Amino acid sequence: PARYTSVEAIATYYLAEIRKIRAHGPYCLGGYSFGALVAFELACQLSAQGEQVAFLALLDPASSLGEAGAGRAWWRKRWLRRDMREHVGARLDIGLKRAIANLHLAIGRDLPRSVRIQYIVDIYRQASARYSMRPYSGRVTLFRGEGRADRVWREWETYLTGAIDVFDVPGTHDDLRQERHVCSWATHLASSLMAAQSHSRTVGPTQADWLPPLVASQSHAPITTVRT
């Protein structure tokens, strides 16, 4: 079974690993989907410990709302991609994988490779639903994909109390991992990261090297900075 099943525990584990490489900040963090939620928690833990988080990027982050946070456009596109037979088949496949995983866990055996991804996805979904977000006052670069419900972004903006640089990028949540969509956000990610590094070197402690963004495992121009 998974050793860490909550956002807080996963972030604490990652933080311990990061500190084996760099004991103190400034730190650059980032993540996609559930990984963005973990990166956010990492930033909160580091800030509470008095460490400097120079950069935090959230790429279409997960929400405690789960699939309920998906907007109509996202569901419409998903249904257009598959007919009813494919949908039922996919649901049966997920159910079978869950049953196999539960059986192996019950008898204390390792999970077959064929069910591990579904097992981890379920853990991430449950962890997201249980996670209690708290305010974060550092600067955040937020990438918003298409099709998410407005309440997802309202939830995030409730807790992002500092400056937020918002980029609306084409593609749904799953699309953002595809090569043709990556360029729409990667360029902005790189320029934002370089600006944060430059600023931190100017006003903060000198650092000879930097940790790259932590990405756990995805043309519109950027809209405006919504809060500065």
Side-chain angles (χ1 to χ4, degrees), residues 4-15 17-18 27-47 53-71 74 117 120-178 181-182 184-190 192-193 196 211-218 222-223 225-227:
Y4 309 104
T5 58
S6 70
V7 174
E8 296 87 345
I10 294 170
T12 299
Y13 169 75
Y14 281 164
L15 181 53
E17 293 299 305
I18 290 172
Y27 294 101
C28 294
L29 306 171
Y32 160 76
S33 192
F34 180 78
L37 206 59
V38 174
F40 173 79
E41 173 61 22
L42 267 167
C44 290
Q45 291 187 18
L46 285 165
S47 296
V53 177
F55 182 75
L56 174 60
L58 306 177
L59 178 56
D60 214 40
S63 165
S64 62
L65 298 173
E67 291 186 354
W74 183 88
I117 292 179
I120 293 299
V121 167
D122 286 342
I123 286 177
Y124 287 173
R125 183 179 295 112
Q126 294 162 12
S128 298
R130 295 194 305 267
Y131 181 56
S132 296
M133 296 178 67
R134 55 190 187 277
Y136 176 73
S137 60
R139 191 179 196 96
V140 174
T141 300
L142 176 64
F143 295 89
R144 305 190 305 192
E146 297 174 339
R148 303 286 291 282
D150 289 341
R151 55 181 172 164
V152 169
W153 307 123
R154 287 197 299 269
E155 179 189 44
W156 272 103
E157 290 179 6
T158 298
Y159 297 100
L160 300 179
T161 60
I164 313 176
D165 297 310
V166 179
F167 297 88
D168 280 342
V169 293
T172 64
H173 188 73
D174 293 338
D175 291 338
L176 296 180
R177 297 173 297 176
Q178 299 176 5
H181 289 285
V182 168
S184 66
W185 55 263
T187 301
H188 300 309
L189 175 64
S192 297
L193 176 58
L211 283 177
L214 172 67
V215 182
S217 331
Q218 325 204 358
I223 61 171
T225 300
V226 297
R227 187 185 297 140

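This one's a predicted model, so the numbers in the text were calculated from it and none came from an experiment.
A pairwise comparison of heavy atoms in S128 and A62 identifies OG-CB, 4.2 Å as the closest pair. The shortest heavy-atom contact between A11 and E41 is CB-CG, 3.5 Å. Residues E8 and Y131 come closest through the heavy atom pair OE2-CD1, 3.3 Å. What you find for L176 and P170 is that their closest heavy atoms are CD2-O, 3.4 Å. Shown here for I10 and Y124, the closest heavy-atom pair between the two residues is CD1-CE2, 4.4 Å. Nearest approach of H181 to G171, heavy atoms of both residues: CE1-CA, 3.8 Å.
A 4.5 Å side-chain heavy-atom check between S137 and T161 finds at least one atom pair inside the cut-off. Here the side chains of P61 and W156 are in contact, with some heavy-atom distance below 4.5 Å. The shortest side-chain heavy-atom distance between Y27 and L42 does not fall under the 4.5 Å cut-off. Residues F167 and L59 have side chains not in contact (no heavy-atom distance under 4.5 Å, counting atoms from C-beta outward). Within the 4.5 Å cutoff, no side-chain heavy atoms of F40 are placed close to those of V140. A 4.5 Å side-chain heavy-atom check between F34 and V121 finds every atom pair outside the cut-off.
Summarising the geometry, atom OG belonging to S63 is positioned 8.5 Å from atom CZ belonging to R151; distances are rounded to the nearest 0.5 Å. Remark: I164 CD1 to W153 CH2 distance equals 11.0 Å, nearest 0.5 Å. How far OG of S33 is from NE2 of H173: 3.0 Å, rounded to the nearest 0.5 Å. Annotation: the span from L56 atom CG to L46 atom CG amounts to 10.0 Å, rounded to 0.5 Å. For the atom pair T158 OG1 and R134 CZ, the distance stands at 15.5 Å (nearest 0.5 Å).
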Inset, instruction - Kindly indicate, with the supporting measurements, whether the criterion side chain to side chain contact (heavy atoms under 4.5 Å, CB included) is fulfilled by V53 and Y136. - result: CA-CA 11 Å; V53 177; Y136 176 73; 3.5 Å; yes
Legend entry - Stepwise side chain to side chain contact (heavy atoms under 4.5 Å, CB included) check, L193 with C28: CA-CA 8 Å; L193 176 58; C28 294; 3.6 Å; yes
Inset, instruction - Take R139 and F55, measure what side chain to side chain contact (heavy atoms under 4.5 Å, CB included) needs, and give me the verdict at the end. - result: CA-CA 7 Å; R139 191 179 196 96; F55 182 75; over 6 Å; no
Inset, instruction - Take Y4 and I123 through the side chain to side chain contact (heavy atoms under 4.5 Å, CB included) test and state the conclusion after the steps. - result: CA-CA 9 Å; Y4 309 104; I123 286 177; over 6 Å; no
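Side-chain atoms of T5 and Q126 form no donor-acceptor pair, as typed in the model, at a separation below 3.5 Å.
Under the 4.0 Å criterion applied to side-chain N and carboxylate O atoms, E157 and R144 are assigned as salt-bridge partners.
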